[in-house]
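Order of the sequence lines fixes the chain letters, A, B, ..., with proteins taken first and strands second; residue numbering starts at 1 for each chain.
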Protein chains: 2
Amino acid sequence: MIIKIEPQSDIPIYTQLTNQIIEGIAKGEIQAGESLPSVRSFAADLGVNMHTVNKSYHQLEAKGIIKIIPKSGAVISSPTQSIDTVSQRMSGALRSIIAEALVSGLEREQIQELVSSIMNDLNKKE
Amino acid sequence: MIIKIEPQSDIPIYTQLTNQIIEGIAKGEIQAGESLPSVRSFAADLGVNMHTVNKSYHQLEAKGIIKIIPKSGAVISSPTQSIDTVSQRMSGALRSIIAEALVSGLEREQIQELVSSIMNDLNKKE
DNA sequence: AAAACTGTTCTATATACTCTATAACAATTA
DNA sequence: TAATTGTTATAGAGTATATAGAACAGTTTT
């Protein structure tokens with residue numbers, strides 16, 4: 001899994017890391033049951049602070065995507081939350097983006113196609 | 001158009017305002033050519049600072065959604081950006097959310113339905 | 001023409017967030 | 001036993017958010 005951090009981005013480093021780990025899982029590059037690197041080694045690889053990686057792991061745990069086992073490691077979880085819970089959380093995030101897309105002149109079909117192409121891209125198990 | 005600001009949210013007030021104005025435009029509650037309230041009167045209505053509203057307006061202008069005419073007002077624009085430009089910008093924002101939805105166990109069809117239901121809801125001209 | 005209002009700009013303050021840097025602890029692992 | 005693990009604590013620098021007040025020049029209204 002290739003992680004690219006852009007320090008100058010307005011997106012916090014720990015969120016960039018969280019997003020890219022999620023993408024890695026979606027692509028199947030990491031699977032449920034497997035472990036993420038330790039916060040120290042991962043931080044060294046990325047050239048960032050240990051606490052930054054730690055914050056990302058806790059962000060992933062809050063989303064129910066990994067399980068942090070104290071003194072041991074961070075393990076990818078199988079989906080556990082109910083569909084309704086996930087849908088509700090996703091809906092709030094999607095709403096603003098879709099509204100902006102509509103206002104910016106995108107047609108409904110174009111938005112659906114955009115979503116499809118993204119899902120296709122995320123299904124590539126590299 | 002009803003604006004609800006949650007001061008305790010982790011989303012900045014000016015972004016909350018930006019998103020809800022965009023939703024208002026998407027719903028047709030405000031149309032292209034019409035003006036937004038002045039930063040001072042809007043701030044007074046919402047109970048926030050003038051500069052917070054001003055920042056929201058500039059955020060909307062950066063997205064190409066309004067045009068700020070100095071000493072005059074903020075006018076809703078008609079979509080002007082190319083489809084490719086908008087698609088590219090939306091794609092980046094959508095990617096993280098869709099990846100999380102997939103990892104959280106949502107099926108492709110369920111995500112498409114979620115997008116559809118959001119677009120239906122945004123089309124209600126209240 | 002005068003008054004009110006417009007977005008803009010400037011300074012200032014308080015709070016919170018981000019990121020880095022050390023250090024130490026207790027439990028797991030090699 | 002030694003190394004590694006996540007955790008916790010403190011500290012500092014830099015940035016972001018939000019508020020507040022003031023002043024300016026152009027626009028709009030009266």
Original post:
Can you list the residues that meet the side-chain contact (heavy atoms from CB on, under 4.5 Å) rule with A/Ser96, with sequence neighbours excluded?
Top reply: B/Asn19

Original post:
Could you state the interatomic distance from CG (A/Leu106) to CD (B/Gln81), rounded to the nearest 0.5 Å?
Top reply: 9.5 Å

Original post:
Who pairs with B/Lys55 by side-chain contact (heavy atoms from CB on, under 4.5 Å), at least two apart in sequence or on another chain?
Top reply: B/Tyr14

**OP:** State which residues pass salt bridge (Lys or Arg N to Asp or Glu O under 4.0 Å) with B/Arg89; sequence neighbours excluded, sorted by chain then number.
**Re:** A/Glu100

Could I get a table of every N or O pair under 3.5 Å where one atom is in the protein and the other is in nucleotides 25-30 of chain D?
| unit_1 | atom_1 | unit_2 | atom_2 | d |
| --- | --- | --- | --- | --- |
| D/dT27 | O4' | B/Lys71 | O | 3.2 |

Subject >> Residues which pass side-chain contact (heavy atoms from CB on, under 4.5 Å) with B/Glu61, listed by chain and number, not counting sequence neighbours >> reply: B/His58, B/Ile66, B/Ile68

Subject >> A/Ile30-A/Ile3 co-clustered via ILVMFWY side chain contacts under 4.5 Å >> reply: yes

**OP:** State which residues pass side chain to side chain donor-acceptor pair (under 3.5 Å) with B/Thr52; sequence neighbours excluded, sorted by chain then number.
**Re:** none

Subject >> Stepwise side-chain hydrogen bond (donor to acceptor under 3.5 Å, both in side chains) check, A/Ser56 with A/Gln16 >> reply: CA-CA 9 Å; A/Ser56 170; A/Gln16 293 183 45; over 6 Å; no

Subject >> Gap between atom CZ of A/Arg95 and atom CG of B/Asp121 - 0.5 Å precision >> reply: 4.5 Å

Subject >> Axial bend angle, the helix from C/dG7-D/dC24 to C/dA30-D/dT1: five-pair end segments, nearest 10° >> reply: 40°

Original post:
Contact boundaries of DNA chain C with chain B (under 4.0 Å, heavy atoms), 5' to 3'?
Top reply: C/dT6 to C/dC10

Original post:
Tell me the side chain to side chain donor-acceptor pair (under 3.5 Å) pairs involving residues 65-78 of chain A, sequence neighbours left out?
Top reply: none

Original post:
Roughly how many Å is it from NE2 in A/His58 to C1' in D/dT5, rounded to a whole number?
Top reply: 12 Å

Original post:
Can you name the residues that form a side chain to side chain donor-acceptor pair (under 3.5 Å) with A/Ser35, not counting sequence neighbours?
Top reply: none

Do any N or O atoms of the protein come closer than 3.5 Å to N or O atoms of nucleotides 17-20 of chain D, and which pairs are they?
| unit_1 | atom_1 | unit_2 | atom_2 | d |
| --- | --- | --- | --- | --- |
| D/dT17 | OP1 | B/Tyr14 | OH | 2.6 |
| D/dT17 | OP2 | B/Tyr14 | OH | 3.1 |
| D/dT17 | OP2 | B/Lys55 | NZ | 3.0 |
| D/dA18 | OP1 | B/Ile13 | N | 2.6 |
| D/dA18 | OP2 | B/Ile13 | N | 3.3 |
| D/dT19 | OP2 | B/Asn49 | N | 3.0 |
| D/dT19 | OP2 | B/Thr52 | OG1 | 2.6 |

**OP:** Give, ordered by number, those residues of residues 34-45 of chain B having at least one heavy-atom distance below 4.0 Å to an atom of DNA chain C; if nothing qualifies, reply none.
**Re:** B/Ser38, B/Val39, B/Arg40

